[in-house]
Amino acid sequence: MSLAFLISIFIFVVTFILIFTEKIHRTVIASVGAVVMVSFGMLYNFYNSEQALAAIDFNTIGLLLGMMIIVAILEKTGFFQYLAIVAAKKTKGDPWKLVVVLGLVTTLVSLILDNVTTVVLIAPVTIIIVRLLKISPIPILIAEALLSNTGGVATLVGDPPNIMIGSAANFSFNDFLTHTAPIVFIAWIVTLLVLKFVFRKEMTQKPENIHELEKMDERKALKDVKTLKKVGIVLALVVVLFFVHSQIHMPPSMVALIGASLALILVAPTKDPQKILEKVEWSVLGFFAALFVIVGGLEHAGVLEQLAYAISNLARGDIVIAALAILWISAIMSAIIDNIPFTVAMIPVIGYLETQGIPVNLLWWALALGVGFGGNGTPIGSTANIVVVAKSEQTDTPITFRSWLKSGSITMVSTLIVASIAIFFFADYLGQETAGQKIYNQDVAKHEISIKH
Amino acid sequence: MCKMIKDVMRKAYTINVNKTFIEALDIMTKEQTNSILVLDDDGKLVGMINTGMLIRAIVPDYLEDDIVAAHFANQDIFREDIKKAKDLEISNFMLKNPQKVKENSNLMEVSIMALSSKQFRVPVVDGNDRPVGLITRTELRRVFADVLGIGDL
């Protein structure tokens, strides 16, 4: 074992432990870890700054940046609150119907848009609605987080791990719709049933002041209809482009950046977009970039190759068992630690397994389902969970760790069982080359031919 | 000669940090003042409350950045939230470690502090951090009038 090998592992392990213990902010420690990795890489000749730059997946960063800009413009229009009120009024204040419709709205919005922003904007108006009705906010707030986490696994842009996995495996937007979405649909229904069971007592609460709910005028929520219409057009275009991005040979990041540029020129053509750009979560983007650089160091030192080699025999033995192992391990990991660093570290390992001649598609889908569903397990499992718990703190019934565990952990286990059954019975289908990959591989082949000529 | 801080400062009302929302509100109402300085058990300045802080204590955190949701909170919800704030400890909503000046500091420094949107009022403390007075924008305006010979109001 070479010195480079040991040094890179040491830097990786120390940085990741510090990230998971959350004593130092994750972006700060990841940046430090990244520069230390590159510096030692140059000193011991296993990694340099150009390789570090190449290790950053700009497709992931670009996609997130583009969507963040669109959301930054959209969130001030009051559109999220408008949707919540429209949906809530249809329920006549019935607690169970509120769980279903507000959970549904949150899920549908977060299929395309960032689910943290969605929850941040829908939770306060939810609390106001339940206070008017004098019912408990807990089931509805938890439902919004759990259902949007579960739903997020259905699309390429639903949550950051999917973006990263899609980018690494060359899965298209439609690949997610034809592979994870059907599983997610069942898991989403199961989540709803779990909520109904766990909160059966709260569901019998009789709402008061239903007239107060019906009096709410959703149009009053719309603060800027002009901007909303413009962003609406942009979003419609973005969704259409997502559906065809693979066929027109356009990476998803390009779609998001087209949307963002279009939104900027439609909404604020003459103004400095500084105010909008300040809303972009640069800290998150920096964190992701730094993680790619750190894991890149590990990759160039040959560590991941060795690791993949070590587990390749296991995967070769039975790919379904390997997929189930990835599903459950990644779910448990993502329930207790930040799922992004875990995903970034897992991606090159699965990538190397592919070079060993192992058909890895089933493993990619297992990873996406695992990190996605695992986020429901604890109040810290996903950022959306942290948000609803924080928002509930000043209500009469704050969400406690226990009340989360009893709903979230059952949800996590039941949705994982759904995913396990799907992996077990549809292993062949999930393991096949996807439509998006076929187009990508043809493009690569064409490109290679044109270089030869 | 231009007046000094100690010539213009007004009386500062104080309250112990362990007291509650309603006790602070009581002093502010009875003494008709918009700010109280908060002291620890040794009588040292640790914070300040003004009317803005009282409003912050009433408004639930989840509504602070959400004017849209707040639009739908009716009269009953507002009354409920006021009642909820009643026994809140001052340390939960006071402005912690406010900017402060000494008696012999210059008035330009106070002016800069009074311009900041967070803190219109500046506590004056002695060498041991014990409050001796308070400067507000009104005192500064009086100094302007004095310098330009308009006379004291």
Side-chain angles (χ1 to χ4, degrees), chain A residues 74-86 88-89 102 117-134 137 140-141 144 208-209 211-225 228 279 387-399, chain B residues 15 17-26 28 36 38 46-97 115-118:
Chain A
L74 184 62
E75 68 172 30
K76 281 183 291 200
T77 63
F79 178 63
F80 296 81
Q81 292 92 335
Y82 170 87
L83 284 180
I85 296 170
V86 172
K89 281 169 79 172
L102 289 176
T117 312
T118 313
V119 169
V120 163
L121 293 170
I122 287 185
V125 72
T126 302
I127 296 175
I128 293 296
I129 290 170
V130 299
R131 285 188 67 184
L132 291 173
L133 297 170
K134 299 192 190 306
I140 306 175
L141 289 176
E144 286 169 354
E208 294 173 33
N209 311 323
H211 60 277
E212 287 284 348
L213 173 66
E214 283 167 348
K215 236 173 49 190
M216 287 175 92
D217 183 356
E218 62 272 15
R219 285 165 303 178
K220 291 268 168 59
L222 294 178
K223 290 285 164 206
D224 188 347
V225 178
L228 175 58
K279 286 252 170 186
V387 169
V388 297
V389 171
K391 297 272 179 200
S392 84
E393 248 158 41
Q394 286 207 345
T395 65
D396 292 338
T397 48
I399 299 172
Chain B
I15 191 166
V17 67
N18 299 317
K19 296 276 172 36
T20 59
F21 180 90
I22 190 167
E23 288 165 300
L25 181 66
D26 189 48
M28 289 167 92
I36 325 180
V38 183
V46 290
M48 184 157 90
I49 302 172
N50 57 36
T51 317
M53 311 294 150
L54 294 185
I55 298 173
R56 175 146 303 176
I58 297 293
V59 173
D61 283 347
Y62 57 83
L63 284 182
E64 243 167 59
D65 304 312
D66 200 331
I67 188 83
V68 179
H71 173 84
F72 297 99
N74 65 8
Q75 228 44 31
D76 291 343
I77 290 183
F78 190 60
R79 286 173 60 95
E80 258 176 44
D81 285 338
I82 295 173
K83 286 181 186 154
K84 262 189 225 165
K86 182 176 164 254
D87 297 319
L88 210 56
E89 266 192 33
I90 286 172
S91 56
N92 289 313
F93 60 90
M94 70 181 185
L95 175 69
K96 292 191 176 86
N97 306 315
L115 272 181
S116 86
S117 57
K118 218 174 165 188

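Convention: sequence-line order gives letters A, B, ...; per-chain numbering from 1.
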- Item | Neighbourhood of chain A inside residues 70-82 of chain B, taking heavy atoms under 4.5 Å as contact | B:His71, B:Phe72, B:Ala73, B:Asn74, B:Ile77, B:Glu80, B:Asp81
- Answer yes or no: does atom NZ of A:Lys279 have more than 12 heavy-atom neighbours from other residues, nucleotides or ligands under 6.0 Å? no
- Which bit of A:Ile85 comes within less than 4.5 Å of chain B, counting heavy atoms only: side chain, backbone, both or neither? side chain
- Heavy-atom distance under 4.5 Å to chain B: side chain of A:Asp217, backbone, both or neither? backbone
- Query: So what's closer than 4.5 Å to chain B heavy atoms on A:Ile127: side chain, backbone, both or neither?
  - Reply: side chain
- Message: Only pairs of heavy atoms separated by less than 4.5 Å count here; which of A:Ile128, A:Val120, A:Val125, A:Leu222 has the most with chain B?
- Response: A:Ile128
- Query: Considering only heavy atoms, which portion of A:Lys76 lies under 4.5 Å from any heavy atom of chain B: side chain, backbone, both, or neither?
  - Reply: neither
- Closest non-hydrogen atoms of B:Val68 and A:Gly78, given as atom of the first, atom of the second and distance, are CG2-CA, 4.3 Å
- Close approach to chain A in residues 84-92 of chain B, criterion heavy atom under 4.5 Å: B:Lys84
- Item | Contacts of A:Thr397 that satisfy side-chain contact (heavy atoms from CB on, under 4.5 Å) - sequence neighbours left out | A:Ser136, A:Pro137, A:Ile138, A:Thr395
- What part of A:Glu393 is in contact with chain B, defined as an atom under 4.5 angstrom from a non-hydrogen atom: side chain, backbone, both or neither? neither
- Side chain, backbone, both or neither: which part of A:Lys223 has a non-hydrogen atom closer than 4.5 Å to chain B? side chain
- Task: Mind listing the closest non-hydrogen atom pair of A:Arg131 and B:Tyr62 along with its distance?
- Result: NH1-OH, 2.9 Å
- Taking A:Gln394 for the side chain and B:Asp61 for the main chain, is one N or O donor matched with an acceptor at less than 3.5 Å? yes
- Query: Under the side-chain contact (heavy atoms from CB on, under 4.5 Å) test, which residues partner A:Val119, sequence neighbours left out?
  - Reply: A:Thr106, A:Ser148, A:Ala384, A:Val387, A:Val388
